[in-house]
There are 2 protein chains.
Amino acid sequence: MAGKSYPGTMTTTPTADWLRLDQQICFSLNAASRAFGGVYRVILKDLGLTYPQYLVMLVLWEHGDLPVKKLGEHLRLDSGTLSPLLKRLEGAGLVRRERSTHDERSVEVHLTEDGAALRERALQVPRRIAAATGFDIDEIHELRTRLDQLTTALDAAARAEASGAS
Amino acid sequence: MAGKSYPGTMTTTPTADWLRLDQQICFSLNAASRAFGGVYRVILKDLGLTYPQYLVMLVLWEHGDLPVKKLGEHLRLDSGTLSPLLKRLEGAGLVRRERSTHDERSVEVHLTEDGAALRERALQVPRRIAAATGFDIDEIHELRTRLDQLTTALDAAARAEASGAS
DNA sequence: CACAATTCAATTGCGCACAACTAAATGGCG
DNA sequence: CGCCATTTAGTTGTGCGCAATTGAATTGTG
């Protein structure tokens with residue numbers, strides 16, 4: 001995208017160059033993430049879902065009814081994000097929320113009939129998304145592996161930074 | 001991360017499997033993006049910046065004073081996002097906003113002395129981020145290339161979808 | 001010059017992400 | 001049993017991202 005080339009053997013990049021925007025992987029990642037959001041917004045409009053709502057539905061379709069806590073573990077989201085989101089899904093008639101009888105602290109999220117039925121219409125989504133990327137299945141899989149590796153490293157680093165590194 | 005393997009030659013993945021969360025590259029991308037956010041949050045706290053504010057400062061440090069429009073082009077952000085963000089940066093004394101004398105529609109964003117000085121302290125940030133990823137410079141560069149490729153494809157697809165494809 | 005179309009920033013409204021806090025229920029320990 | 005730490009959702013507040021709208025300035029056209 002920029003005119004410069006960065007030969008693989010360059011290890012002496014000046015400090016100031018690190019600040020160059022086009023060197024910032026985070027920027028690329030952020031841009032890609034938002035570009036994905038744009039494609040999803042268009043494709044999911046039919047289903048009446050936002051992208052985070054779609055992710056919640058994916059988890060429910062795959063794992064069945066779950067308490068909010070488990071849902072959050074699958075998605076790396078806390079109740080601060082999930083509570084209002086689930087209320088909106090409930091308002092749309094896709095899920096019900098019921099306090100567990102065994103443990104009244106816990107709230108079970110159940111798919112309604114409409115919520116379960118929506119899965120059929122959602123089946124086409126991933127293929128359209130995959131097509132939009134222009135990547136084949138191997139490339140997707142390889143990129144995914146890389147990103148998961150990155151996430152693991154970053155989470156570990158965040159914990160290390162938080163507990164008092166330089 | 002899951003127990004299944006996806007050999008490269010498999011082109012007959014059942015439709016339902018596409019819905020599997022761990023197949024969703026978007027989820028990995030989103031997770032990585034948020035994991036980055038977590039690391040940046042910690043590292044940028046010293047500088048008193050959020051991550052998007054840091055990106056704005058990066059652009060200003062690299063390109064000098066710019067109108068809001070140009071800033072938005074560099075960052076793929078519109079005035080709806082930038083206007084309040086720039087007000088906060090102005091409140092923090094890092095930038096000034098002044099209507100252009102040539103074109104009164106335009107607002108020029110200028111670095112203040114404090115804003116320019118902050119660059120020195122920011123120089124350490126990218127190295128710490130790079131270290132947190134656990135990737136070497138070649139891996140970072142390769143991933144970046146991939147992601148930019150992805151973003152380009154997705155933007156094109158979003159435009160195509162928006163103008164009436166299936 | 002007058003008027004319509006365009007450009008640019010700001011605002012409004014909605015939803016998500018996350019930190020900090022609250023409140024209720026549970027479980028453990030003396 | 002009585003008390004306290006923990007677990008779990010929910011709420012509040014801040015900031016970002018984006019669509020839609022507004023309003024002012026500019027440009028193009030007759």
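Predicted, not measured: the structure shown is a model, and the values here were computed from it. Here is the naming used below: chain letters follow the sequence lines, and residue numbers restart at 1 for every chain.
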Chemist: Salt-bridge test for B:Arg146 and A:Glu139: reply yes if a basic N is under 4.0 Å from a carboxylate O, no otherwise.
Modeler: yes
Chemist: Tell me: OH of A:Tyr51 to P of D:dG17, nearest whole Å?
Modeler: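 Rounded to the whole Å, the gap is 16 Å.
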Chemist: For A:Leu29 and D:dG17, what is the distance between atoms CG and P respectively, to the nearest whole Å?
Modeler: 13 Å
Chemist: Measure the distance from CZ on A:Arg41 to P on D:dG17 and round it to the nearest whole Å.
Modeler: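 Interatomic distance, CZ of A:Arg41 to P of D:dG17: 12 Å.
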Chemist: Does atom CZ of A:Arg99 have more than 12 heavy-atom neighbours, drawn from other residues, nucleotides or ligands, at distances under 6.0 Å?
Modeler: yes
Chemist: In whole Å, I'd like the distance from the CG atom of B:Leu49 to the P atom of D:dT14.
Modeler: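 These atoms are roughly 19 Å apart.
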Chemist: Give the rounded distance in Å between these two atoms: CZ of B:Phe36 and C1' of C:dA17.
Modeler: 17 Å
Chemist: Rounded to whole angstroms, how far apart are NE2 on A:His102 and P on D:dT8?
Modeler: 15 Å
Chemist: Choose from D:dA25, D:dC18, C:dT26 the nucleotide whose nearest atom is closest to any side-chain atom of B:Glu104.
Modeler: D:dA25
Chemist: Does this structure show an ion pair linking B:Glu90 with B:Arg97, if we count only N-O contacts that are shorter than 4.0 Å?
Modeler: yes
Chemist: Any side-chain donor paired with an acceptor under 3.5 Å for B:Arg144 and A:Ser28?
Modeler: yes
Chemist: With a 4.0 Å cut-off, would you call A:Arg34 and B:Asp155 a salt bridge?
Modeler: no
Chemist: Rounded to whole angstroms, how far apart are CG on B:Leu89 and P on D:dT14?
Modeler: 17 Å
Chemist: Of B:Ile43, B:Thr50, B:Leu49, which meets side-chain contact (heavy atoms from CB on, under 4.5 Å) against B:Leu47?
Modeler: B:Leu49
Chemist: Considering only nitrogen or oxygen atoms on both sides, find all protein atoms under 3.5 Å from nucleotides 8-15 of chain C and state each distance.
Modeler:
unit_1, atom_1, unit_2, atom_2, d
C:dC8, OP2, B:Lys69, NZ, 2.8
C:dA9, OP1, B:Val68, N, 3.2
C:dA9, OP1, B:Lys69, N, 3.1
C:dA9, OP2, B:Lys69, N, 2.9
C:dA10, OP1, B:Arg97, NH1, 2.9
C:dA10, OP2, B:Ser83, OG, 2.9
C:dA10, N7, B:Ser79, OG, 2.6
C:dT11, OP2, B:Lys87, NZ, 2.7

Chemist: Can you measure B:Lys45 atom NZ to D:dG15 atom P for me and round it to whole angstrom units?
Modeler: 15 Å
